[in-house]
Amino acid sequence: MSERTVCFARHEEFAEYVRLRRLALLRRARRLMADPADADDLLRTALMRTRAYWAGITDKSLADAYLLRAMINLRTEWWRARRLEEVPIEHLPEAAEEEVRTRQLLDRHQLLDAPAALSVRQRSVVVLRYWEELSTQETAHALATGTVESTLHPSLTILRQELAAQEAAVRAS
């Protein structure tokens, strides 16, 4: 048997192993990497490394163990490389995140200011119903009135109008 024939036979043996075990190996890679694309890259790279040493693996029943060790080593190498590339700095310029926080604060202030447009009775119904999460019956009992629903609907309409006006004012400025 020529060296070329032996090499081809080993290649076919490795290809058959990969065909049979690929899904199980991919599941293992996905346990090691959070991102499925990274897991796929991890498995491919580990297979390339293992392919170079396939002839040296005398007990093919241990091939999964060899590949798992290759994947763990690769993941560690990638983690170290990524860690070395990171440069710690005092302050990160995260303008987009700051805009989100500012928008949340504005929304919170608008939401807290909007009930001022309601009468005391309307404000009481809205706060008890939505802030305290009471049912309509519990709200009626707490207020000793049976008109919660008739008060709640106009109150919500006023709140929506108030929030829309505040939003328009913010956009205009």
Side-chain angles (χ1 to χ4, degrees), residues 1-115 126-136 138 156 159-160 163-164 166-173:
M1 205 180 236
S2 73
E3 185 177 320
R4 188 176 203 163
T5 307
V6 170
C7 184
F8 182 74
R10 286 186 188 139
H11 175 73
E12 285 298 314
E13 181 184 29
F14 183 74
E16 181 63 21
Y17 168 76
V18 171
R19 272 192 291 275
L20 293 173
R21 299 294 301 151
R22 187 174 192 318
L23 291 177
L25 294 169
L26 188 56
R27 282 192 297 273
R28 283 189 172 180
R30 286 193 175 154
R31 284 188 214 122
L32 294 171
M33 303 296 282
D35 183 13
D38 289 341
D40 194 47
D41 289 345
L42 178 72
L43 177 60
R44 288 174 191 265
T45 307
L47 286 171
M48 288 182 354
R49 284 191 180 180
T50 305
R51 170 66 186 98
Y53 298 102
W54 186 251
I57 303 174
T58 54
D59 186 0
K60 301 303 184 203
S61 66
L62 298 176
D64 281 4
Y66 279 93
L67 267 162
L68 180 59
R69 173 51 51 195
M71 286 189 285
I72 290 170
N73 291 345
L74 274 167
R75 185 198 57 186
T76 303
E77 288 173 23
W78 292 353
W79 176 78
R80 285 180 181 154
R82 200 173 307 133
R83 189 170 169 209
L84 291 175
E85 291 171 3
E86 294 177 2
V87 179
I89 58 175
E90 285 289 319
H91 179 67
L92 292 176
E94 298 175 0
E97 190 174 309
E98 189 62 35
E99 286 178 21
V100 168
R101 272 194 228 119
T102 303
R103 184 66 202 156
Q104 288 173 341
L105 284 173
L106 285 174
D107 288 347
R108 187 173 297 137
H109 286 295
Q110 287 176 341
L111 195 56
L112 292 174
D113 291 343
V126 170
V127 168
L128 288 173
R129 184 72 176 91
Y130 292 103
W131 188 276
E132 295 294 326
E133 297 180 353
L134 297 180
S135 68
T136 303
E138 293 168 329
L156 292 177
L159 280 176
R160 285 186 191 104
L163 289 171
Q166 288 180 6
E167 181 70 27
V170 168
R171 287 185 184 172
S173 59

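Atom set for the values below is all heavy atoms of this structure, side chains included, hydrogens, waters and symmetry mates excluded. As the structure is a computational prediction, the values presented were derived from the model and not from experiment. For this chain, numbers begin at 1 and follow the sequence in order.
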>> Suppose we screen for side-chain hydrogen bond (donor to acceptor under 3.5 Å, both in side chains). Which residues come up paired with Thr76, at least two apart in sequence or across chains?
In response: none
> Taking all non-hydrogen atoms of both residues, which atom of Ala39 and which atom of Arg30 are closest, and how far apart?
Replying inline: CB-CG, 3.5 Å
>> Tell me which pairs pass ring pair (Phe, Tyr, Trp, His ring centres under 6.0 Å) where either residue lies in residues 21-51, with sequence neighbours left out.
In response: none
> Under the ring pair (Phe, Tyr, Trp, His ring centres under 6.0 Å) rule, what pairs show up with a residue in residues 28-47, not counting sequence neighbours?
Replying inline: none
> Once you round to the nearest 0.5 Å, how far does CG of Leu43 lie from CZ of Arg28?
Replying inline: 11.5 Å
> Hey, what's the ring geometry for Trp54 with Phe14, parallel, tilted or perpendicular (30° and 60° as the breaks)?
Replying inline: perpendicular
> In chain order, what residues pass the side chain to side chain contact (heavy atoms under 4.5 Å, CB included) check against Leu62, with sequence neighbours excluded?
Replying inline: Asp59, Tyr66
>> Please report the interatomic distance CG(Leu67) to OG1(Thr50), rounded to the nearest 0.5 Å.
In response: 3.5 Å
> Just wondering, do Ile57 and Tyr17 contact through their side chains at under 4.5 Å, heavy atoms?
Replying inline: no
>> Please give me the minimum heavy-atom distance between Met71 and Ala46, naming the atom from each residue.
In response: CG-CB, 3.5 Å
> Pairs in or reaching into residues 64-79: which pass salt bridge (Lys or Arg N to Asp or Glu O under 4.0 Å), with residues at least two apart or in two chains?
Replying inline: Arg21-Asp64, Arg49-Glu77
>> By the salt bridge (Lys or Arg N to Asp or Glu O under 4.0 Å) test, which pairs, at least two apart or in different chains, include something from residues 31-42?
In response: Arg22-Asp40, Asp40-Arg44
> CD of Glu12 to CZ of Arg19: how many Å apart, nearest 0.5 Å?
Replying inline: 6.5 Å
> Residues two or more places apart in sequence or in another chain: which of them pass side chain to side chain contact (heavy atoms under 4.5 Å, CB included) with Thr45?
Replying inline: Leu74, Trp78
